[in-house]
Amino acid sequence: MHIKDIIGLIGLRGSDPELCAWFAQQGLASPPAAITANQGQKSVKDKTHGVEYHFAFDIIHDRFYPPQDAKRGSWVSHLKSVTLYSHRPRGAPALPAGFWSGYVAPEASLQECLDGFDGRMEDFGDTAYFEKRLADDVQIKLWFDQRRLRVQELQINLVEDRQFIGHHDFDPGNEHNTFKQAATLLVRWLLERGHLKLADAVRATGSGVEHEAILHFVKQRLNNHVWKSQLHDDPVLHAVLAHSQTTRPLILKDGTRLALYAPWMLMKAGGYWDAHQALYNDDTLPDWSERLTAFERSVTLDAVQQQAFLLAMDEAYHCVKAMQA
């Protein structure tokens, strides 16, 4: 048993014969072939060796995207990561002799970690963090403890992108996707302001301005998602986009709080905000949930209102950028 054996398993389906054979060899139950949305991920512990295998379906990597249907509302699982070592006060189970040969081991000093990870370390105060690519899609991660005395944890992971807008946001059939224009108008803003990494010919062709045209563009050109790798390297843009997907405000250095949640900005640009808030706060309605959903599905911005949304995004972006200067 060597670390390379596990590196070769990363990314395999839970039902892959090679992975199933490995689990049987280690005396483990069969790996999970499918995972439900509510479960999110499943883990299998190898208590003999102190190793834990982590399976997921919603992996931010084009090889595994979008998730594949399994059966009965579940999704095909893949081995996403493996925790090889996690420090325990009473000592962790030992892996076979030679397992770490050629790699940084749990007994490594901080200097040995620096040497093994080519001198690249991120200091987060409470931990020192190291990562290194082992293959195109696989990386090793190591955490050193706050007092810089020992390795705290070692993992092998699939290399993932960072998702800002996912395939479900562009799915008209998704029951939770009530504000149908929120995602497509964000894509239009990214495209028209030159934030997307696209070939000149594609950028010149554009996406069109209608909702259906943008959906088609996203499917054909963006693989139904907006990820960090598809955007120019701009921390301000990343911060604005990340907060367009959450109700949590973006708090600037001077304490200014920017509410950038895309559905809210959509309603404000279209003049729907006050009516929505009145309905949202009316707890006397027996059919409140149905009426609120119907209202949200009815929100549609015309050309002038869409421009108001795009300009509001511009204002937010420039506000954050000015504060970062």
Would R13 and Q68 count as a side chain to side chain contact (heavy atoms under 4.5 Å, CB included) here? Give the steps.
CA-CA 11 Å; R13 281 189 177 202; Q68 294 181 300; 2.7 Å; yes
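- Remark: side-chain polar atoms of H78 are paired, donor with acceptor, to backbone N or O of G11 under 3.5 angstrom.
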Which is it for M1 and W22 under the side chain to side chain contact (heavy atoms under 4.5 Å, CB included) test, yes or no, and what are the steps along the way?
CA-CA 10 Å; M1 185 179 187; W22 175 265; 3.8 Å; yes
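- Counted within 6.0 Å of CZ on R291, heavy atoms from surrounding residues, nucleotides or ligands total 12 or fewer; the atom is thus considered open.
- Using a distance-only test at 3.5 Å, with no hydrogens or angles considered, no donor-acceptor pair links the side chain of Q220 to the main chain of F217.
- Between E122 and T127 the shortest side-chain heavy-atom distance does not fall below 4.5 Å.
- Hydrophobic clustering (ILVMFWY, side-chain heavy atoms < 4.5 Å, transitive): W288 and F179 are in one cluster.
- When only modelled atom types and interatomic distance are considered, E290 and T293 share no side-chain donor-acceptor pair under 3.5 Å.
- Judged by distance alone, with hydrogens and angles left aside, the side-chain atoms of Q305 form a donor-acceptor pair with the main-chain N or O of G270 at under 3.5 Å.
- Put simply, the side chain of N157 never gets that close to the backbone of S81: no donor and acceptor are under 3.5 Å apart.
- In summary, the aromatic rings of F295 and Y280 are positioned with their centroids too far apart to meet the 6.0 Å limit.
- The heavy-atom pair separating K197 from L231 by the smallest distance is CE-O, 2.9 Å.
- With values rounded to the nearest 0.5 angstrom, S77 atom OG is found 10.5 Å from D16 atom CG.
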Y129 and F144: ring pair (Phe, Tyr, Trp, His ring centres under 6.0 Å), yes or no, with the steps?
CA-CA 6 Å; Y129 172 72; F144 218 84; over 10 Å; no
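- More than 12 heavy atoms of other residues, nucleotides or ligands lie within 6.0 Å of CZ in R63, so this atom counts as buried by the packing criterion.
- Grouped by direct or indirect side-chain proximity (heavy atoms under 4.5 Å, Ile/Leu/Val/Met/Phe/Trp/Tyr only), W227 sits with I60, Y65.
- Using a 4.5 Å heavy-atom threshold, the side chains of H167 and P67 count as touching.
- Under the 3.5 Å distance criterion, with hydrogens and angles disregarded, a donor-acceptor pair is assigned to the side chains of E296 and H276.
- Cluster annotation: Y85 is not connected to W143 through the hydrophobic network of ILVMFWY side chains, with a link wherever side-chain heavy atoms come within less than 4.5 Å.
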Identify all side-chain donor-acceptor contacts of residues 235-245 below 3.5 Å with residues at least two apart in sequence or on another chain.
from: H238; atom 1: NE2; to: H232; atom 2: O; distance (Å): 3.4
from: H243; atom 1: ND1; to: A239; atom 2: O; distance (Å): 2.9
from: S244; atom 1: OG; to: L241; atom 2: O; distance (Å): 2.6

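- Side-chain atoms of Q181 and T300, non-hydrogen and from C-beta on, do get closer than 4.5 Å to each other.
- When all heavy atoms of C113 and V104 are compared, the pair lying nearest together is SG-CG1, 4.0 Å.
- Within a 6.0 Å sphere centred on CD of Q307, heavy atoms belonging to other residues, nucleotides or ligands number more than 12.
- A distance of 9.5 Å separates CD of Q230 from CD of Q163, quoted to the nearest 0.5 Å.
- Under a 3.5 Å cut-off, the side chain of K71 and the backbone N or O of A34 do not form any donor-acceptor pair.
- Between L185 and Q306, some side-chain heavy-atom pair lies under the 4.5 Å cut-off.
- Distance alone, capped at 3.5 Å, places no donor-acceptor pair between the D169 side chain and the I165 backbone.
- Annotation for E315: atom CD does not count as buried by contact number, only 12 or fewer foreign heavy atoms lying within 6.0 Å.
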Please report the C-alpha distance between T184 and V218 in whole Å, then the side-chain angles of each, then the deciding distance to 0.1 Å, and finally whether the side chain to side chain contact (heavy atoms under 4.5 Å, CB included) criterion is met.
CA-CA 8 Å; T184 52; V218 170; 5.7 Å; no
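- A 4.5 Å side-chain heavy-atom check between K219 and F170 finds every atom pair outside the cut-off.
- More than 12 non-hydrogen atoms from other residues, nucleotides or ligands lie less than 6.0 angstrom from CZ of R148.
- To the nearest 0.5 Å, atom CD1 of residue I7 and atom CD1 of residue I156 are 4.5 Å apart.
- Within the model, atoms CG of L28 and CG of D46 stand 4.5 Å from one another, a figure rounded to the nearest 0.5 Å.
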With side chain to side chain contact (heavy atoms under 4.5 Å, CB included) as the test, would you mind laying out the steps for L198 and L191 before giving the verdict?
CA-CA 9 Å; L198 295 170; L191 179 62; 3.4 Å; yes
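- Contact record, I10 with K80: CG2-O, 4.1 Å, taken as the closest heavy-atom pair.
- Around the NZ atom of K228, the shell of radius 6.0 Å holds no more than 12 heavy atoms that belong to other residues, nucleotides or ligands.
- Contact between L79 and L158 at its shortest, heavy atoms only, is O-CD1, 4.0 Å.
- In terms of hydrophobic clustering, with Ile, Leu, Val, Met, Phe, Trp and Tyr side chains grouped at heavy-atom distances under 4.5 Å, L311 and F309 are assigned to different clusters.
- By the rule that hydrophobic residues join a cluster once side-chain heavy atoms approach within less than 4.5 Å of another member, M323 and Y317 end up as members of one cluster.
- In summary, the side chains of Q155 and T83 do present a donor paired with an acceptor at a separation below 3.5 Å, with no hydrogens or angles considered.
- Between R120 and D118 there is a salt bridge, since at least one side-chain N of the basic residue sits less than 4.0 Å from a carboxylate O of the acidic one.
- Note on ring orientation: taking the six-membered ring where Trp is involved, the planes of F130 and F117 are tilted (angle from 30° to 60°).
- For the salt bridge (charged side-chain N to carboxylate O under 4.0 Å, His left out) condition, the pairs that include at least one residue of residues 178-190, sequence neighbours left out, are R188-E192.
- No hydrogens or angles considered: a donor-acceptor pair under 3.5 Å links the side chains of N223 and D62.
- Between H87 atom NE2 and L149 atom CG the span is 9.5 Å, to the nearest 0.5 Å.
- When only modelled atom types and interatomic distance are considered, D137 and H61 share a side-chain donor-acceptor pair under 3.5 Å.
- Counting heavy atoms from C-beta outward, E131 and K141 have side chains that approach closer than 4.5 Å.
- The aromatic rings of H2 and F99 sit tilted relative to each other, their planes meeting at an angle between 30° and 60°.
- Atom CZ of F55 and atom CG of L19 lie 5.0 Å apart (nearest 0.5 Å).
- For the pair L252/C319, a side-chain contact is recorded, criterion being any heavy-atom separation below 4.5 Å from C-beta on.
- The shortest heavy-atom contact between D136 and V159 is O-CG2, 4.3 Å.
- For A269 against L301, the heavy-atom pair with the smallest separation is CB-CD2, 4.0 Å.
- Between the side chains of D282 and T284, at least one donor-acceptor pair of N or O atoms lies under 3.5 Å.
- Under a hydrophobic-cluster definition in which Ile, Leu, Val, Met, Phe, Trp and Tyr are linked whenever side-chain heavy atoms come within less than 4.5 Å, directly or via other members, M121 and L142 are assigned to the same cluster.
- For the pair P106 and W100, the minimum side-chain heavy-atom distance is below 4.5 Å.
- Within the 3.5 Å criterion, the main-chain N or O of R150 finds a donor-acceptor partner in the side chain of D145.
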